[in-house]
Amino acid sequence: MGYRSVLESSVLDPLSHQIIHALQIDGRASFNRIATVLDVSEQTVARRYRRLRADGIIRVVGLLDPSRLGQTMSTVRIQCRPGSATKLADVLAQRADVAWVSLTSGGTEIVCSVRSISVERRDELLLQRLPSTSAVLGISAHATLHRFLGMRGDDWVGHGTRLTEEQIRRLGAPSLTGEPAELADDDRPLLDALARDGRASYARLARATRWTETRVSRRLATLRASGTVFFDVDLAVQLLGFRTTAHLWLTVAPADLAAVGETIARHPEVAGVSAVTGTANLWASIVCRDADDLYRYVTEQIGAIPEVRQLEISPTLLQVKQAGSILSGGRLTDPILSRS
């Protein structure tokens, strides 16, 4: 593939982690801008990124934000018949409106994120397709009320050396400056191309859309500024040495929900945390190096929050899909863009 494996070449040094963090802040930041902030050459940044991506450790993906289109995201728990969850998880992972597909609870439960951009698409999945599937024993959908962590440059950064506050300021994180943009039918090729590679050049995007580069640039700028499209960074956390992940379902008093969510969002083990509907009103995604680390986190960090009344842990048995990447052998691969 033109590069030595990043794992074989020990490329995951502090500089590589800083490059990852820079992309988490702005997924389309140029190699030149990142290099200037990190005080290294542009060639060094480009080479490191390409090796990380070629080895399936990192992928930048452009995604639609349903909340900017007036729709809600939901974390869905699907109880399955023994032996049937893996096949169903693979089918769900092929849908463009389903992300973060995990097998939990010994392989009899699927936890996923549904981010349909229309009520019709959401209801078609949750009220028709899944209930009629013979493998499904039960479904509970938890609508996201508020995200404390997990989108728009506030991704999990517990993987290694972070940028300093001054470096973050110099990098210049993108901000929302406009009202949500209305999608058009001819946006689909652009959105599909960004879902495959959020860092695709304007020339590549122009070929995919059959637009001019100027039109691509303007349309993408509009979609970004409005928040309709954002750029996420998928990481193969197991290849970074984090082999234990889990979903936490916490119950706290409504008056304490904001404070507890903000506290948990500051923990380095946390990749995402949201206030949700349901019997558990707070959900968190946890990334740890091993089961001992997970135990210490739950007992020492969560256990130190007196407002947490109840906790359920769903350890991840297998991660099938992340925000926009399929996992194969623990490595990130291109998504399958099925919309049915």
Can you classify the ring geometry of Phe242 versus Trp156 as parallel (below 30°), tilted (30 to 60°) or perpendicular (above 60°)?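 Ring orientation, 0 to 90° scale: perpendicular.
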
[X] and [Y]: same hydrophobic cluster, using ILVMFWY side-chain contacts below 4.5 Å?
| X | Y | result |
| --- | --- | --- |
| Val252 | Trp283 | no |
| Val91 | Leu126 | no |
| Leu317 | Leu327 | no |
| Leu235 | Ile326 | no |
| Ile302 | Leu282 | yes |

Which residues satisfy the salt bridge (Lys or Arg N to Asp or Glu O under 4.0 Å) test with [X], sequence neighbours excluded?
| X | result |
| --- | --- |
| Arg122 | none |
| Arg169 | Glu166 |
| Asp293 | Arg296 |
| Arg215 | Asp186 |

Would you confirm whether [X], through its side chain, and [Y], through its main-chain N or O, come within 3.5 Å as a donor-acceptor pair?
| X | Y | value |
| --- | --- | --- |
| Lys321 | Arg95 | yes |
| Arg170 | Thr36 | yes |
| Asp26 | Pro174 | no |
| Asp234 | Gly324 | yes |
| Thr108 | Ser105 | yes |
| Ser132 | Gln128 | yes |
| Arg28 | Gly198 | yes |
| Arg196 | Asp334 | no |
| Asp256 | Ala259 | no |
| Asp90 | Lys87 | no |

Distance in Å, [X] [atom1] paired with [Y] [atom2], rounded so as to fall on 0.5 Å steps:
| X | Y | atom1 | atom2 | result |
| --- | --- | --- | --- | --- |
| Glu262 | Phe148 | CD | CZ | 6.0 Å |
| Arg48 | Leu15 | CZ | CG | 4.5 Å |
| Tyr202 | Thr214 | OH | OG1 | 10.5 Å |
| Glu182 | Thr222 | CD | OG1 | 13.0 Å |
| Leu149 | Ile264 | CG | CD1 | 10.5 Å |
| Glu109 | Thr316 | CD | OG1 | 10.0 Å |

Min side-chain heavy-atom separation [X]-[Y] under 4.5 Å:
| X | Y | answer |
| --- | --- | --- |
| Tyr295 | Glu300 | no |
| Ile58 | Ile19 | no |
| Leu64 | Arg115 | no |
| Thr75 | Trp100 | no |
| Leu12 | His159 | no |

Please say which of Ile34, Ile25, Leu38 ends up in a side-chain contact (heavy atoms from CB on, under 4.5 Å) with Gln167.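 That would be Leu38; it is the only one of Ile34, Ile25, Leu38 passing the side-chain contact (heavy atoms from CB on, under 4.5 Å) with Gln167.
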
Looking at Leu294, Val237, Asp292, Val287, which one forms a side-chain contact (heavy atoms from CB on, under 4.5 Å) with Thr244?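 When Leu294, Val237, Asp292, Val287 are each tested with Thr244, the side-chain contact (heavy atoms from CB on, under 4.5 Å) holds only for Leu294.
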
Full working for side chain to side chain contact (heavy atoms under 4.5 Å, CB included) between Val76 and Leu125: CA-CA 11 Å; Val76 180; Leu125 176 63; over 6 Å; no

One pair to check against side chain to side chain donor-acceptor pair (under 3.5 Å): Ser67 and Asp65. What are the steps and the verdict? CA-CA 5 Å; Ser67 67; Asp65 183 353; 2.6 Å; yes

Is it the case that atom CD in Glu312 sees more than 12 heavy atoms from other parts of the structure closer than 6.0 Å?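 Buried by this count: over 12 neighbours within 6.0 Å.
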
Any cation-pi pair here, Arg68 with Phe230, using under 6.0 Å and within 45°?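 Judged by the rule (NZ or CZ under 6.0 Å from the ring centre, within 45° of its axis), Arg68 is not positioned above Phe230.
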
Kindly indicate whether a cation-pi arrangement holds for Arg77 with Trp249, taking the cut-offs as under 6.0 Å to the six-membered ring centre and within 45° of the axis.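 Yes - Arg77 lies over the ring of Trp249, closer than 6.0 Å to its centre and within 45° of its axis.
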
For the residue pair Thr161 / Gln18, report whether a side-chain donor-acceptor contact shorter than 3.5 Å exists.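 No - no donor-acceptor pair under 3.5 Å links their side chains.
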
Under the side-chain contact (heavy atoms from CB on, under 4.5 Å) test, which residues partner Thr177, sequence neighbours left out?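 Only Ser175, Ala225 meet the side-chain contact (heavy atoms from CB on, under 4.5 Å) criterion with Thr177.
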
Stepwise side chain to side chain contact (heavy atoms under 4.5 Å, CB included) test for Leu257 and Asn281: CA-CA 8 Å; Leu257 190 57; Asn281 53 6; 4.0 Å; yes

Where is the tightest heavy-atom contact between [X] and [Y], given as atom of each residue plus distance?
| X | Y | value |
| --- | --- | --- |
| His247 | Ser102 | NE2-OG, 3.4 Å |
| Gly27 | Arg199 | O-NH1, 2.8 Å |
| Val229 | Leu194 | CG1-CD1, 4.5 Å |
| His267 | Gln301 | NE2-OE1, 3.4 Å |
| Ala85 | Ile110 | O-CD1, 3.5 Å |
| Arg147 | Ser274 | CG-OG, 3.6 Å |

Criterion side chain to side chain contact (heavy atoms under 4.5 Å, CB included) on Arg218 and Trp211, from CA distance to verdict: CA-CA 11 Å; Arg218 289 175 178 171; Trp211 296 352; over 6 Å; no

Step by step, would you call Val308 with Thr251 a side chain to side chain contact (heavy atoms under 4.5 Å, CB included)? CA-CA 6 Å; Val308 175; Thr251 304; over 6 Å; no

Contacts under 3.5 angstrom, residues 133-145 side chains, donor-acceptor by atom type, not counting sequence neighbours:
unit_1: Thr133; atom_1: OG1; unit_2: Arg129; atom_2: O; d: 2.7
unit_1: Ser140; atom_1: OG; unit_2: His142; atom_2: NE2; d: 3.4
unit_1: His142; atom_1: ND1; unit_2: Thr277; atom_2: O; d: 2.9
unit_1: Thr144; atom_1: OG1; unit_2: Met73; atom_2: O; d: 3.2

